[in-house]
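Heads up: the structure comes next, in structure tokens.
The sequence lines fix the lettering, A, B, ..., with proteins before strands; numbering per chain opens at 1. All heavy atoms count here, side chains included; hydrogens, waters and symmetry mates do not.
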Protein chains: 2
Amino acid sequence: MSDAEIDRLFQALADATRRDIVARVTAGEYSVSGLAALYDMSFAAVQKHVAVLERASLITKERRGREQIVRAHYEGLQRARRLLDDYEAIWRQRAGRIADILAEEPGEEAGR
Amino acid sequence: MSDAEIDRLFQALADATRRDIVARVTAGEYSVSGLAALYDMSFAAVQKHVAVLERASLITKERRGREQIVRAHYEGLQRARRLLDDYEAIWRQRAGRIADILAEEPGEEAGR
DNA sequence: CTGATATACAACCATTTAGTTGTAGGTTAC
DNA sequence: GTAACCTACAACTAAATGGTTGTATATCAG
């Protein structure tokens, strides 16, 4: 996963409207206009938010007649969560090292 | 946790340099200038990235003499991860509902 | 005290973002 | 076919972002 992809992923999540869209389409299906009706902004603005989420692989669109059905793309969300898990792993690793150092007998060279 | 706080959290993670800073200060201690030496940009630019991470509660700074020591703030990272966990919970809930619907006996009113 | 180091912050610039309105192209209903 | 609806996209604006340089302040070494 490239830096640019990860950038897009977190950038997409850094907006309350977009997070709400993700939550809603995760729970059920919505058309773009169905989503647009929920927010106090223009259709075009919501359409742009949907486009940002799509580029971030957090949702997918599928045409059904004249509507475009928006669905959550579970994998995108999973990838974001795994990245944060990786940071937590680094943290736990460090916590383990500190515990090791503290467990060393006093008088020994702690840094060696 | 307010929308603005969550915005700041994900926004802070949406930059490769800042993610690298988080990873490094999670593994060990760095001063601001110690971090700045790692990247091909001005000290002031790195300082700004550190400020963004601090406002997002992903790191803390502590003055030690003339240096400012940067440390990871585990709680901030945890909060981000929990938010993504919440989305996954919504997903699983939906997956459960779908399984329930599929499990209903054919002939019953599925929508009722 | 002087000089070097570490940080903070203001001012500026280019680019991106989040919103708007307007226009155009398909699809459905009648 | 015509009207209504859904979507796409261009063009514009205001504000935020990511970078720069320059200046000021505090700390440490000698």
Is the closest side-chain heavy-atom distance between [X] and [Y] below 4.5 Å?
X: B:Arg81; Y: A:Asp85; value: yes
X: A:Leu84; Y: A:Phe10; value: yes
X: B:Tyr74; Y: A:Glu88; value: yes

Protein-proximity profile, nucleotides 21-30 of chain D, B/S/- by nucleotide at the 4.0 Å heavy-atom cutoff, equals B-----BB--
Without decimals, in angstroms, what is the distance between [X] [atom1] and [N] [atom2]?
X: B:Arg8; N: D:dA16; atom1: CZ; atom2: C1'; answer: 14 Å
X: B:Glu54; N: C:dT7; atom1: CD; atom2: P; answer: 13 Å
X: A:Tyr39; N: C:dG19; atom1: OH; atom2: C1'; answer: 16 Å
X: A:Gln68; N: C:dT27; atom1: CD; atom2: C1'; answer: 13 Å

Where do B:Arg94 and A:Val25 come nearest, in terms of heavy atoms and distance? NH1-O, 4.4 Å
What are the two closest non-hydrogen atoms of B:Leu58 and B:Ala12, and how far apart are they?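 Taking B:Leu58 first and B:Ala12 second, the nearest heavy atoms are CD1-CB, 3.9 Å.
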For a quick test of reading the model: is some side-chain N or O of B:Lys61 closer than 4.0 Å to OP1 or OP2 of C:dA8? yes
Does a side-chain N or O of B:Gln47 approach OP1 or OP2 of C:dC9 to a distance below 4.0 Å, or not?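 No.
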Check nucleotides 14-18 of chain C for protein N or O atoms closer than 3.5 Å to its own N or O atoms and list the pairs.
residue, atom, partner, partner atom, Å
C:dA18, OP1, A:Arg18, NH2, 3.3
C:dA18, OP2, A:Arg18, NH1, 3.1

So how far is it from A:Tyr39 OH to A:Ile21 CD1, rounded to the nearest 0.5 Å?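 If we round to the nearest 0.5 Å, A:Tyr39:OH and A:Ile21:CD1 are 4.5 Å apart.
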Between A:Asp7 and B:Arg19, does a side-chain contact (heavy atoms from CB on, under 4.5 Å) hold up when you go through it step by step? CA-CA 10 Å; A:Asp7 287 1; B:Arg19 286 192 301 273; 2.8 Å; yes
I need the single residue from B:Val22, B:Thr60, B:Ile59 that forms a side chain to side chain contact (heavy atoms under 4.5 Å, CB included) with B:Val70. Which is it? B:Ile59
Which residues within residues 24-38 of chain A lie with some heavy atom under 4.0 Å of an atom in DNA chain C? none
Looking at A:Arg24 and A:Asp20, is there a salt bridge between them, counting it only when a charged N and a carboxylate O are closer than 4.0 Å? yes
Global bending angle along the helix from C:dC1-D:dG30 to C:dC30-D:dG1, which compares the axes of five pairs at either end, to 10 degrees: 30°
Distance-only donor-acceptor hits, side chain of residues 43-56 of chain B, under 3.5 Å, sequence neighbours excluded:
residue, atom, partner, partner atom, Å
B:His49, ND1, B:Arg18, NH1, 3.2

Sequence neighbours excluded, the answer for side chain to side chain contact (heavy atoms under 4.5 Å, CB included) partners of B:Arg82 is B:Gln78, B:Arg79
With no hydrogens and no angle check, is any side-chain donor or acceptor of A:Glu67 less than 3.5 Å from a backbone partner on A:Arg64?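 Side chain of A:Glu67 to backbone of A:Arg64: no pair is present.
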